[in-house]
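If you're wondering where the values come from, they're calculated on a predicted model, not measured in any experiment. Hydrogens, waters and symmetry mates play no part in the numbers below; they use all other heavy atoms, side chains included.
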Amino acid sequence: MWKREKMWMIKPPTEHPKESKYRPVLESLLPRDPMSRFNLKRSSPKDEFPNLDRNHTLMGRILNLHMYSRQFNRATESGVIFDDIIRPGIEDPGLSTGPKAVGCLAGDAQSYILFCDFFDRIIESYHGYKVTTDAVHESDFNYDNLKGGDDFDQAYALSCEVTAGRSIEDYCFPTHCSRGERRQLLTLAKTVLEQLGEDLPGKLYSIDELSHASEERRVVMDSPPLSLIKIGVARDWPDSRALWLSEDGTLAIWVNMEDHMKLVSYRSDACLQEAFKTICINVLKTETLYKKLRHPFIWKPHLGWVVSSPAEVGTGLKASVTVKLLHLAENKRLDDILDRLRLQMEATGCPGIYKISNLQTIGFNEVELTQLVVDGVKLLIRMEKRLENNGGIDDLVPAQK
């Protein structure tokens, strides 16, 4: 007959020093599925699939029920689910004309890994670049390698701007971060910008301070831009958002807007070479300062510098020149020309004035992307001059990319 053993007779398992020491490591090798921690009240993937009939984003074109079903029960360690990824494109379905929008944003760096089936297709469609695990993204911040950019015809090139977005390791991206994370990011930024100011004097302004005009700066922001509201980045506005401006006006750094940090160099003389130089120098300086705080910028070998939008992964860099193109804008071959030059054109609201910038941010390094803009803008200005004199431009059209 079976008898219950007396409790005092049961010996506890023997504890081995090495087992106790390495147990947390061993347990970490078998991570618990984050999705199992949730109890979301959702129906089947078919019932939850969004209506994409009038969605003009790349997300709307690429996403189907089969892909949605594969991503449906996945979640990153910080709690990002696939519906969080595509929500920006649902809220803002884009326009049938004009620049194409990706219609999605990553909630954290792990999103690009966990939802790679989706993001890799978005990146390939937007940038024309196929993501492969054996490719390693390379950067080039040697601004001396850029040829030209300081000799645009001032009658046509009106201004220029170079921006570079960066995200900080160990923090969720703006669409998903908590108030506490956002405040910690601002604290880190204050420390970094204070040290950056030793070489380039400047001042940090909160968004509250930007809500009224001032003679020492030209930036006024009363409310969050509509673009930020649509994609869900304006939560808790204006909590922990800020703008740092250099005293000489060559550099601005936004904190906790579309990305954790965005460096901007604007020049009214359209000297793209100097704007690019400013960005290269200060991206490297801020990277070094964040590393000292043990919070480096997020970088993945196959994606390069990782930011929230797949439209800007790789370099995170956008170089643009505002150009007067009264005649070329009406030419029927313009779209094909821009496609061959790997550039995009956006209207500015002023007739005949357009913003020309690089479309891709991955597949090329920083110098190569900026060189595309320099060479492309020069060619577009040559075409504009030809059309002004009633000449043809067929011989100027570049070969297919």
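Leu58 and Ser125 make their closest contact through CD2-OG, 3.5 Å (heavy atoms, listed as atom of the first residue, atom of the second, distance). Residues Ala311 and Thr361 approach most closely at O-OG1, 3.3 Å, considering heavy atoms. In this structure, Pro296 and Lys291 approach most closely via the heavy-atom pair CB-CG, 4.0 Å. Heavy-atom minimum distance, Asp84 versus Gly79: OD2-O, 3.8 Å. When all heavy atoms are compared, the tightest approach of Val307 to Ser167 is CA-OG, 3.5 Å. The nearest pair of heavy atoms linking Asn55 to Gly89 is ND2-O, 2.9 Å.
By the 4.0 Å N-to-carboxylate-O rule, Arg333 lies close enough to Asp394 to be salt-bridged with it. Under a 4.0 Å N-O distance rule, the pair Lys277/Asp144 does not qualify as a salt bridge. Salt bridge status for Asp375 with Arg342: absent, with no side-chain N to carboxylate O gap under 4.0 Å. Between Lys130 and Asp120 there is no salt bridge, since no side-chain nitrogen of the basic residue lies less than 4.0 Å from a carboxylate oxygen of the acidic one. Using a 4.0 Å cut-off between charged side-chain N and carboxylate O, Glu194 and Lys190 make no salt bridge. Classification of Asp117 and Arg121 as a salt-bridged pair fails, no side-chain N sitting under 4.0 Å from a carboxylate O. Salt bridge Lys355/Glu346: absent, no basic N to carboxylate O contact under 4.0 Å. Ion pairing between Arg183 and Asp239 holds under the 4.0 Å rule for side-chain N and carboxylate O.
Every residue two or more places apart in sequence or in another chain was checked for a side chain to side chain donor-acceptor pair (under 3.5 Å) with Thr278, and none qualifies. Every residue two or more places apart in sequence or in another chain that forms a side chain to side chain donor-acceptor pair (under 3.5 Å) with Ser308 is listed here: Asp259. Taking Arg166 as the reference, nothing meets the side chain to side chain donor-acceptor pair (under 3.5 Å) condition, with sequence neighbours excluded.
Note: Thr315 OG1 to Asn365 CG = 8.5 Å, rounded to the nearest 0.5 Å. Put simply, CG on Leu343 and OG on Ser320 are 11.0 Å apart, with the number rounded to the nearest 0.5 Å. Here CG of Leu200 is found 5.0 Å from OG of Ser246. Values are rounded to the nearest 0.5 Å. If you take CD on Glu274 and CD1 on Ile279, they are separated by 12.0 Å, rounding to the nearest 0.5 Å. One distance of note links CG of Leu193 with CG of Leu289; it measures 9.0 Å at 0.5 Å rounding. If you take OG1 on Thr370 and CG on Asn358, they are separated by 7.0 Å, rounding to the nearest 0.5 Å.
With contacts defined as side-chain heavy-atom distances shorter than 4.5 Å, the pair Trp254/Met261 does not qualify. Using a 4.5 Å heavy-atom threshold, the side chains of Lys385 and Tyr156 count as touching. Within the 4.5 Å cutoff, the side chain of Ile86 has heavy atoms near those of the Met59 side chain. Between Thr191 and Leu293 the shortest side-chain heavy-atom distance falls below 4.5 Å. For the pair Val374 and Val321, the minimum side-chain heavy-atom distance is 4.5 Å or more. When side chains are defined from C-beta on, Glu181 counts as touching Ser178, because their heavy atoms get closer than 4.5 Å. A heavy-atom distance below 4.5 Å is found between the side chains of Gln371 and Leu146. Side-chain contact check for Leu243 versus Ile253: every heavy-atom pair is 4.5 Å or farther apart.
With hydrogens and angles disregarded, a donor-acceptor distance shorter than 3.5 Å links the side chain of Glu366 to the backbone of Asp140. With hydrogens and angles ignored, the 3.5 Å screen pairs a side-chain donor or acceptor of Lys318 with a backbone N or O of Leu359. No side-chain donor-acceptor contact under 3.5 Å links Ser43 to the backbone of Asp47. Checked by atom type and distance alone, the side chain of His176 pairs as donor or acceptor with a backbone atom of Ser78 at under 3.5 Å. For Asn389 (side chain) and Gly391 (main-chain N/O), no donor-acceptor pair under 3.5 Å exists by modelled atom type. One N or O on the side chain of His137 and one on the backbone of Gly314 form a donor-acceptor pair closer than 3.5 Å. A side-chain donor-acceptor contact under 3.5 Å links Arg235 to the backbone of Cys177.
Relative ring orientation between Phe118 and Phe82 is described as perpendicular, the plane-to-plane angle rising above 60° on a 0-90° scale split at 30° and 60°.
Residues Asp83 and Tyr68 bring a donor and an acceptor atom of their side chains to less than 3.5 Å of each other. Checking Gln344 against Ser357 by side-chain atom types alone, a donor-acceptor pair falls below 3.5 Å. Donor-acceptor pairing under 3.5 Å is recorded for the side chains of Asp134 and Thr132. Side-chain atoms of Trp305 and Ser139 form a donor-acceptor pair, as typed in the model, at a separation below 3.5 Å. No hydrogens or angles considered: nothing links the side chains of Ser240 and Asn256 as a donor-acceptor pair under 3.5 Å. Between the side chains of Glu258 and Ser309, no donor-acceptor pair is found at a separation under 3.5 Å.
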Test Leu196 against Asn282 for side chain to side chain contact (heavy atoms under 4.5 Å, CB included), laying out the working first. CA-CA 8 Å; Leu196 182 67; Asn282 290 285; 3.6 Å; yes
Quick one, Val283 with Leu317, criterion side chain to side chain contact (heavy atoms under 4.5 Å, CB included). Give me CA distance, side-chain angles, the key distance, then yes/no. CA-CA 11 Å; Val283 162; Leu317 184 136; over 6 Å; no
May I have the step-by-step check of side chain to side chain contact (heavy atoms under 4.5 Å, CB included) for Arg386 and Asp395, ending in yes or no? CA-CA 11 Å; Arg386 282 271 193 97; Asp395 61 314; 2.9 Å; yes
Side chain to side chain donor-acceptor pair (under 3.5 Å) for Thr250 and Asp248? Distances and angles first, verdict last. CA-CA 6 Å; Thr250 60; Asp248 62 5; 2.8 Å; yes
If you apply the rule side chain to side chain contact (heavy atoms under 4.5 Å, CB included), what do you find for Cys116 with Ile113, and how did you get there? CA-CA 5 Å; Cys116 62; Ile113 307 302; 5.8 Å; no
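For residues 86-112, the set of pairs meeting the ring-ring contact (aromatic ring centres under 6.0 Å, His included) definition, not counting sequence neighbours, comprises Tyr112-Phe119. Screening residues 255-296 for ring-ring contact (aromatic ring centres under 6.0 Å, His included) gives Tyr171-His295, Phe173-His260, Tyr290-Phe297 as the qualifying pairs, with residues at least two apart or on separate chains. Sorted pairs that involve residues 312-371 and meet ring-ring contact (aromatic ring centres under 6.0 Å, His included), not counting sequence neighbours, are lacking altogether.
For CZ of Arg267, the number of neighbouring non-hydrogen atoms (other residues, nucleotides, ligands) closer than 6.0 Å is greater than 12.
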